[in-house]
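Single-structure report; data block below.
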Amino acid sequence: MKAFRLDELEAERAANDGAYLQFLRERNMSVGLYALDAGAQDPQQPHGQDEVYFVVSGRASITVATETTEVARGSVVYVPAGVPHKFHHISEDLRVLVVFSPPES
């Protein structure tokens with residue numbers, strides 16, 4: 001078993017001065033914590049893997065291809081591999097668990 005605490009992951013991510021911290025990598029998936037502060041721009045490009053976002057905290061909008069929805073704590077969003085997507089209009093610091101399958105390259 002591998003177990004993680006979000007507060008410890010957030011502290012590690014912040015200590016490494018990065019928006020993304022991959023904390024689990026297995027044969028069929030990887031999981032990370034993605035952080036964007038209120039007002040930030042999301043620089044990500046489409047990925048070669050399917051993704052699931054689980055919003056831990058914060059508020060924003062996300063656009064996937066041509067569809068846009070608002071997200072907040074508890075929201076889950078699926079993004080197919082290769083599809084353009086971005087968080088935007090981030091009104092509260094956003095913390096998101098990201099599951100990639102297969103694992104992020």
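Values below: all heavy atoms of this structure, side chains included; hydrogens, waters and symmetry mates excluded. Bear in mind that the values here come from a model prediction, so they are computed numbers and not experimental data.
Between Ser30 atom OG and Gln22 atom CD the span is 4.5 Å, to the nearest 0.5 Å.
Closest heavy-atom contact between Pro84 and Pro46: CA-CG, 3.6 Å.
Using modelled atom types and a 3.5 Å distance limit, the side chains of Glu51 and Tyr53 yield a donor-acceptor pair.
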- Message: Between Tyr20 and Glu104, does the side chain to side chain contact (heavy atoms under 4.5 Å, CB included) criterion hold? Intermediate values first, please.
- Response: CA-CA 12 Å; Tyr20 184 72; Glu104 183 182 32; 3.4 Å; yes
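The other residues sharing a hydrophobic cluster with Tyr78 are Phe4, Leu6, Leu9, Leu21, Phe23, Leu24, Met29, Val31, Leu33, Val52, Phe54, Val56, Val76, Leu97, Val99, where clustering joins ILVMFWY side chains under 4.5 Å apart.
No more than 12 heavy atoms of other residues, nucleotides or ligands sit less than 6.0 Å from atom CZ of Arg73. Residue Glu70 places its CD atom among 12 or fewer non-hydrogen atoms of other residues, nucleotides or ligands, all under 6.0 Å distant.
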What donor-acceptor contacts under 3.5 angstrom involve side-chain atoms of residues 61-69, with partners at least two apart or in another chain?
{"unit_1": "Thr63", "atom_1": "OG1", "unit_2": "Thr68", "atom_2": "OG1", "d": "2.7"}
{"unit_1": "Thr63", "atom_1": "OG1", "unit_2": "His88", "atom_2": "NE2", "d": "2.7"}

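Annotation: side chain of Val79 is not in contact with side chain of Asp50 (no heavy-atom distance under 4.5 Å). Looking only at side-chain heavy atoms (C-beta outward), Gln45 and His85 stay at 4.5 Å or farther from each other.
Here the side chain of Asp42 pairs a donor or acceptor atom with the backbone of Phe87 at under 3.5 angstrom. Remark: the backbone N or O of Gly58 is not paired with any side-chain donor or acceptor of Asp93 at under 3.5 angstrom.
For residues 1-16, the side chain to side chain donor-acceptor pair (under 3.5 Å) pairs, not counting sequence neighbours, are Lys2-Glu26, Arg5-Asp7, Glu10-Arg13, Glu10-Arg95.
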